[in-house]
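Because only heavy atoms are used, hydrogens play no part in the values below, and waters and symmetry mates are left out as well, while side chains stay in. Within every chain, numbering begins at 1; the chains are lettered A, B, ... in the order of the sequence lines, protein sequences first and strands thereafter.
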Amino acid sequence: MSFREKSLWVMLFAMGIAAFFYGHAVAYVGHVQFETLPFRAMTVDAPMVAMFHIAVAVLVAFAILGHLLIVLFDQRTDEDERDRLIALKGARVGGVVLAIGVFLSLWLAVVSTGNFGFTQLLLSFWVLAQMSDYAVQLWLQRQGR
Amino acid sequence: MGKRGGLISNRIRVLREECGGITQQDLADAVGITRQTVNAIEANKYSPSLEVAFEIARVFKVPLEQVFQYGKP
């Protein structure tokens with residue numbers, strides 16, 4: 001397994017952990033709104049923003065720790081033309097997923113009074129786009145293309 | 001560059017053996033690419049750029065056409 005492939009697994013894992021943490025944390029800190037307000041009227045409050053900051057910190061920490069571990073056991077950090085081409089293909093798929101998310105979020109923003117749905121949907125699609133990017137790159141790396 | 005090399009075949013595996021058993025890693029280091037890319041080229045799953053193709057030929061000290069062949073079906 002190449003350095004690039006290991007790096008992609010680390011990023012996919014880190015993103016998954018951070019997204020899982022954020023999803024559960026928002027459900028926990030937002031339970032009062034969930035019980036009292038209709039979904040379209042919900043707003044992003046300070047505890048949710050704090051959870052977002054923690055999730056970003058979790059993502060960065062896992063990414064740094066994972067890459068440190070990889071470098072510890074694999075000194076080859078070089079990237080070549082095939083890796084760059086695979087990265088472009090992954091980014092193309094991620095871009096399509098993100099574009100779908102942007103338009104769905106815009107639609108939700110128009111029909112909502114609060115900003116919760118719009119924000120969370122857009123964030124979810126960004127995470128999905130990133131994870132699609134990593135997954136496509138891993139698949140292409142494993143295929144040997 | 002980079003598409004599945006259906007029409008492009010190569011003799012890299014044969015040339016590696018003829019040159020005293022050069023490993024994929026040795027070739028990758030000499031050319032400046034990863035071992036995984038050498039493997040993908042050998043398996044005709046990836047067509048390298050002209051620069052990399054010429055570098056591979058240079059390592060084996062043979063003309064490019066002795067390494068890569070283009071054949072229509």
* **A:R82 side chain near B:Q36 side chain, heavy-atom distance below 4.5 Å** => yes
* More than 12 heavy atoms of other groups within 6.0 Å of B:R13 CZ -> no
* **Candidate list B:V38, B:T34, B:V52, test side chain to side chain contact (heavy atoms under 4.5 Å, CB included), partner A:D80, passing option** => B:T34
* Check whether any side-chain heavy atom of A:L85 lies under 4.5 Å from a side-chain heavy atom of B:Y46, and answer yes or no. => yes
* To do: Count the heavy atoms of every other residue, nucleotide or ligand shown that sit under 6.0 Å from CZ of A:F52, and state whether that count exceeds 12.
  => no
* Asked: Out of curiosity, does A:F125 fall in the hydrophobic cluster containing A:V110 (side-chain heavy atoms, cut-off under 4.5 Å, transitive links)?
  -> no
* Indicate if A:W107 and A:V96 have the same hydrophobic cluster label, given that clusters are the connected sets of ILVMFWY residues with side-chain heavy-atom separations under 4.5 angstrom. => yes
* A:E81 side, atom CD; B:T37 side, atom OG1 - distance, nearest 0.5 Å -> 7.0 Å
